[in-house]
Amino acid sequence: MIAFVSGPVAALAPTTAVIEVGGIGMALQCTPQTLAGLRLGQEARLATSLVVREDSLTLYGFADDDERQVFELLQTASGVGPRLAQAMLATHSPDALRLAVSTGDEKALTAVSGIGKKGAQKLLLELKDRLGAPVGAHIGQQGVVGAPVTSGWRDQLQAALIGLGYASREADEAVSAVAPQAEAAVAEGVAPPVPQLLRAALQTLNRAR
């Protein structure tokens with residue numbers, strides 16, 4: 001198993017980072033939050049999980065070992081593959097997922113693209129004794145441990161776009177263009193879907209060019 005990769009960032013795409021390791025470019029599937037922390041040409045160290053299929057080998061990259069561990073634990077639930085597990089981590093931090101499961105927060109899980117009400121109920125049952133309790137340092141006034149990583153969607157989206165090579169002005173304009181989508185999600189009581197917002201923002205930038 002490849003536990004982590006370390007080296008300069010050779011390329012960045014909306015869902016992928018390429019890390020140069022010993023002269024070889026390792027392509028890693030990453031969440032927007034992980035990609036936002038990377039910069040072209042700079043050194044990076046990402047925890048990894050290798051998913052082996054009959055016709056493919058896919059390496060997933062994470063900001064730290066905790067994310068990698070939760071990614072792997074999520075896949076022990078029936079019906080959860082690597083893509084859905086990654087989508088869950090793109091919507092919620094590891095601690096937010098632990099909190100949602102430990103408190104039976106169905107709404108938090110249905111905020112993830114691809115998870116409906118019945119699926120959320122099933123996941124809550126299957127994961128209850130697997131993810132463990134939240135490990136955050138403190139509990140907020142409303143008892144929230146480890147807030148969803150999408151709570152600062154504007155900063156995450158802008159950082160991701162700048163990391164992909166866009167100028168700050170272009171990133172600002174793209175974020176403003178997709179703001180109505182994010183605000184609509186907030187109005188419905190769900191976390192703004194950062195991966196979908198990133199794709200929409202990139203489409204806006206491509207049209208502008």
Side-chain angles (χ1 to χ4, degrees), residues 1-98 101 109 112-115 119 123 126-127 130-132 135 146 148-150 153 156-166 191 193-203:
M1 177 181 175
I2 302 173
F4 70 90
V5 297
S6 179
V9 179
L12 290 170
T15 60
T16 309
V18 177
I19 307 296
E20 184 179 340
V21 181
I24 299 174
M26 306 285 284
L28 287 76
Q29 297 292 315
C30 304
T31 64
Q33 292 81 12
T34 297
L35 291 170
L38 304 177
R39 295 291 181 272
L40 284 172
Q42 293 186 7
E43 291 288 320
R45 183 184 187 279
L46 297 179
T48 58
S49 180
L50 179 63
V51 176
V52 181
R53 295 288 185 266
E54 289 185 3
D55 58 349
S56 66
L57 295 173
T58 306
L59 199 59
Y60 289 81
F62 308 92
D64 54 41
D65 290 332
D66 187 36
E67 280 193 354
R68 190 258 312 278
Q69 182 181 22
V70 171
F71 172 79
E72 294 174 346
L73 286 172
L74 290 172
Q75 293 176 72
T76 63
S78 59
V80 178
R83 290 190 181 277
L84 183 56
Q86 189 180 49
M88 293 171 76
L89 284 167
T91 306
H92 297 292
S93 68
D95 253 5
L97 284 172
R98 292 188 184 101
V101 171
L109 293 187
V112 178
S113 177
I115 299 180
L123 286 172
E126 291 194 32
L127 294 171
R130 302 182 192 181
L131 291 187
V135 296
V149 292
T150 49
W153 69 269
Q156 292 174 29
L157 197 56
Q158 185 175 43
L161 291 169
I162 292 174
L164 290 171
Y166 291 96
V194 174
Q196 291 94 318
L197 291 173
L198 179 58
R199 285 193 289 271
L202 288 170
Q203 290 173 357

Start with the C-alpha gap between T34 and L46, add the side-chain angles, then the distance that decides, and say whether side-chain contact (heavy atoms from CB on, under 4.5 Å) holds. CA-CA 9 Å; T34 297; L46 297 179; 3.8 Å; yes
Any chance you could lay out the side-chain contact (heavy atoms from CB on, under 4.5 Å) test for L35 and T31, step after step, and finish with the verdict? CA-CA 6 Å; L35 291 170; T31 64; over 6 Å; no
With side-chain contact (heavy atoms from CB on, under 4.5 Å) as the criterion, how do L59 and V51 come out once you've worked through the C-alpha distance, each side chain's angles and the decisive distance to 0.1 Å? CA-CA 6 Å; L59 199 59; V51 176; over 6 Å; no
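Under the 3.5 Å distance criterion, the side-chain polar atoms of T91 are matched with a main-chain donor or acceptor of A87. With hydrogens and angles disregarded, a donor-acceptor distance shorter than 3.5 Å links the side chain of R68 to the backbone of A3.
Residues Y60 and P82 meet the side-chain proximity criterion, which asks for heavy atoms closer than 4.5 Å. Annotation: side chain of L28 is not in contact with side chain of F62 (no heavy-atom distance under 4.5 Å). Counting only heavy atoms from C-beta outward, the side chains of T58 and L50 never approach each other to under 4.5 Å.
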Enumerate, atom names and distances included, each donor-acceptor pair closer than 3.5 Å involving a side-chain atom of residues 4-23, sequence neighbours excluded.
residue: T16; atom: OG1; partner: Q29; partner atom: NE2; Å: 3.4

For residues 71-81, tabulate all N or O donor-acceptor pairs below 3.5 Å that involve a side-chain atom, not counting sequence neighbours.
residue: E72; atom: OE2; partner: S49; partner atom: OG; Å: 3.0
residue: Q75; atom: NE2; partner: F71; partner atom: O; Å: 3.2
residue: T76; atom: OG1; partner: L73; partner atom: O; Å: 2.5
residue: T76; atom: OG1; partner: R130; partner atom: NH1; Å: 3.0
residue: S78; atom: OG; partner: K122; partner atom: NZ; Å: 3.3
residue: S78; atom: OG; partner: E126; partner atom: OE1; Å: 3.4
residue: S78; atom: OG; partner: E126; partner atom: OE2; Å: 2.6

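The side-chain contact (heavy atoms from CB on, under 4.5 Å) check on D66 picks up D64, Q69, V70, P94, R98, with sequence neighbours excluded.
Heavy atoms only, all atoms of each residue included: L131 and L97 are closest at CD1-O, 4.1 Å.
Here the straight-line distance linking atom OG1 of T48 with atom CE of M26 works out to 7.5 Å at 0.5 Å rounding.
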